[in-house]
Amino acid sequence: MAAELTVHQLIAEHRPTLDHALEAIRTRAYWSPHPEHPKAYGEQGSLDMAAGKAAFDALLGTRLDLGQPGTDDFVGGEVSPYGIELGVEYPHADVDVLLPAMKAGQKAWRDAGAEIRAVVCLEILKRISDRTHEFAHAVMHTSGQAFMMAFQAGGPHAQDRGLEAVAYAYVEQVRTPDTAEWTKPQGKREPLALTKQFTPVPRGIGLVIGCNTFPTWNGYPGLFASLATGNAVLVKPHPRAVLPLALTVQVARDVLSETGFDPNLVALTAERPGEGIAKTLATRPEIRIIDYTGSTAFGDWLEANARQAQVYTEKAGVNSVLVESAGDYKGMLANLAFSLSLYSGQMCTTPQNLLIPRDGIRTDEGPKTFDEVVADLARSVDGLLGDDARANALLGAIVNPDVKDRLEAAAGLGEVALASREIANPEFPGAVVRTPVVVKLDGAKPDDEAAYMSECFGPVSFAVAVDSASEAVELLRRTIREKGAMTVGAYTTDEEVEQAIQEVCLEEAAQLSLNLVGGVYVNQTAAFSDFHGSGGNPAANAALCDGAFVANRFRVVEVRREA
């Protein structure tokens, strides 16, 4: 089939989806083209649940040769948090060969225009969606997420975030017309007349530095934002979570080739154990865009040292929930218990600090002391996770030994209100599964402050006693300003307190969730409607996804001619 015909078919097939996405980001209403339930993906071929598992199993112990130039070795070594050795090998790149090859295809990709780039990206996403069951197992066995979460967050939710980035990229590129006729009157003389041509041009090669916990969800926004704006993209996965992004690169290369573009516009570079190639790549002159999710230390290093690139970082923060009063006490406890437990707290959005007045709170069940609130929350978590099968489905597995070490050390930081316990996973005996720990701390003690003012990534939360609601608000402000926050939660029935909390979040640029008691949780965000991060506090310098996330990935170049 001719490449030109293929592209026109893609426009016919995917333009309606693009238009839906454009409308969704305009209205912020709920919309998703990617079903959340596994049974929605059909019963035949690659869409079938059993076929997806079989496709994943078939990958184990194989070599994933992507046909990239500059491949000088194959590397691997991933071990699932569930105890399975994946045994997959991936291409290791000689970047002196690979990077020039990636640049070679950018001219044709640039000249294709915003619409064609968008629909090619949507075809990549569609083919990934068709393999969602396979991808879910790949995410599960690299991140430690339980299957259902890996299916949803690593599949449809990640695909939504990729599509959202494509939609924003399209909007920003078509904001300026392709051509304009410019005429300036000159009185009695002939008017000045020019024909002007405007072309979005890519910055260069984008580098996506993947994370261990959400390889697709955090990787897709930057990957598709850069690709849709005309840039080639080099994907450097986390060494413990290569497979989901390697499969993504494989799909992207296939689609690019079939639509007449250079497959080297998207490439993968895996690394040898301890090689640490991210620093080397990040300062290469060819790398002009960097997307990174991970530790604050390396994010800060990138922002300071990758001066030739536009750097987008999502780093660490200290997320807080301020509990001043509750109109639905049981609903609040249930909502918080789920938020603390989901994926063993291994989310950048999970609450860490629970700021509670030491004199207690008002509730619809009457006054509750600080100790009562903390004890009731502990019972809610215990009730939620009391059944081991349900607990395994919510907690998943501890992603790496560092999380386990932090969890065990947290018990020594204060009075333990809820002790962590070990849970066996009958299907995966090698999995490390732990319930959350909740530790009481005093907001007035400097030694305790050192604990709650540091991020403790994993299933660890601190119930911090504060002198009053106003003290809690000020501690919230200081935490966001000094440490950053991806999320803030609050429970209050007092209008003045609510306004004070909202004002802090507006001034410090933190995303706020108020009085959540139902099936929406502070650590979840919906593509096309919610912003993940704000880009306005130390936790992240970018938001997923807004115009600022895509607009500086390209520049508009003008050519003027006499009319």
Side-chain angles (χ1 to χ4, degrees), residues 139 142-145 149-150 153-154 157-162 164-165 206-227 233-246 248-249 268-271 276-279 281-282 287 289-306 309-319 343 345-350 399-400 402-403 455 457-458 483-487 511 523-525 527 530-546 548-550 553:
V139 171
T142 51
S143 71
Q145 295 173 31
M149 184 174 183
H157 296 171
Q159 295 153 21
D160 283 348
R161 284 295 184 189
E164 178 185 48
L207 173 66
V208 174
I209 303 174
C211 70
N212 195 173
T213 48
F214 289 89
T216 55
W217 198 98
N218 279 110
Y220 284 4
L223 193 165
F224 285 100
S226 287
L227 192 61
V233 182
L234 178 61
V235 178
K236 203 295 292 181
H238 191 284
R240 286 193 290 261
V242 183
L243 184 56
L245 290 178
T248 301
V249 169
L268 181 88
T269 178
E271 58 187 310
I277 60 173
K279 280 190 175 183
L281 290 170
I287 300 298
I289 303 164
I290 297 173
D291 288 277
Y292 167 76
T293 300
S295 71
T296 297
F298 191 59
D300 289 345
W301 185 92
L302 287 170
E303 291 170 3
N305 292 277
Q310 183 72 27
V311 179
Y312 300 90
T313 59
E314 182 195 310
K315 300 176 288 188
V318 175
N319 302 319
Y343 184 33
Q346 298 170 125
M347 304 171 69
C348 63
T349 51
T350 300
V399 70
N400 63 55
D402 291 341
V403 175
E455 187 197 31
F457 184 76
K483 302 298 180 179
M486 294 300 293
T487 59
Q511 312 294 14
N523 41 350
Q524 297 174 318
T525 58
D530 295 323
F531 292 108
H532 175 73
S534 70
N537 69 65
N541 74 358
L544 304 179
C545 184
D546 60 8
F549 185 69
V550 298
R553 295 172 190 263

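Between I290 and A306, the shortest heavy-atom distance links the atoms CD1-CB, 3.5 Å. Of all the heavy atoms in C545 and V550, the pair that sits closest is SG-CG1, 4.4 Å. Pairing each heavy atom of S295 with each of K315, the nearest pair is O-CG, 4.1 Å. S226 and R553 get closest at one heavy-atom pair: OG-NH1, 2.8 Å. Taking every heavy atom of both residues into account, G317 and A539 meet most closely at CA-CB, 4.1 Å. Contact detail for F549 and A542: the closest heavy-atom pair is CD1-CB, 4.0 Å.
Side-chain N or O atoms of Q346 include one that pairs as donor or acceptor with a backbone N or O of V399 at under 3.5 Å. A distance-only check finds a donor-acceptor pair linking the side chain of Q511 to the backbone of G533 [under 3.5 Å]. In this structure a side-chain-to-backbone donor-acceptor pair under 3.5 Å is present from Y343 to S143. Side-chain atoms of T487 never come within 3.5 Å of backbone atoms of N523 as a donor-acceptor pair (strictly under, hydrogens ignored).
For C348, the side chain to side chain contact (heavy atoms under 4.5 Å, CB included) partners at least two apart in sequence or on another chain are E314, M486, H532. In this structure A543 satisfies the side chain to side chain contact (heavy atoms under 4.5 Å, CB included) test together with D546, sequence neighbours excluded. For the side chain to side chain contact (heavy atoms under 4.5 Å, CB included) test, residues two or more places apart in sequence or in another chain that qualify with A158 are T216, W217, Y220. Applying the side-chain hydrogen bond (donor to acceptor under 3.5 Å, both in side chains) test to T142 and every residue at least two apart in sequence or in another chain returns nothing. In this structure, the side-chain hydrogen bond (donor to acceptor under 3.5 Å, both in side chains) partners of T313, at least two apart in sequence or on a different chain, are E303, N541.
Atom CG of D291 sits about 12.5 Å away from atom CZ of F224, to the nearest 0.5 Å. A distance of 3.5 Å separates CD1 in I277 from OG1 in T269, rounded to the nearest 0.5 Å. Q524 contributes atom CD, which lies 10.0 Å from atom CG of D530 (distance to the nearest 0.5 angstrom). Atom CD1 of residue I287 and atom CG of residue L207 lie 5.0 Å apart, to the nearest 0.5 angstrom. Taking CG from N218 and OG1 from T213, the interatomic distance works out to 6.0 Å, rounded to the nearest 0.5 Å.
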Got a list of side-chain donor-acceptor pairs under 3.5 Å for residues 233-242, not counting sequence neighbours?
unit_1: K236; atom_1: NZ; unit_2: E271; atom_2: OE2; d: 2.5
unit_1: H238; atom_1: ND1; unit_2: R240; atom_2: N; d: 3.0
unit_1: R240; atom_1: NE; unit_2: N212; atom_2: OD1; d: 2.9

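Residues I289 and Y312 are in side-chain contact: their nearest non-hydrogen atoms beyond the backbone lie under 4.5 Å apart. When side chains are defined from C-beta on, F214 counts as touching M347, because their heavy atoms get closer than 4.5 Å. Side-chain contact between T525 and R161: present, with at least one pair of heavy atoms (C-beta onward) separated by less than 4.5 Å.
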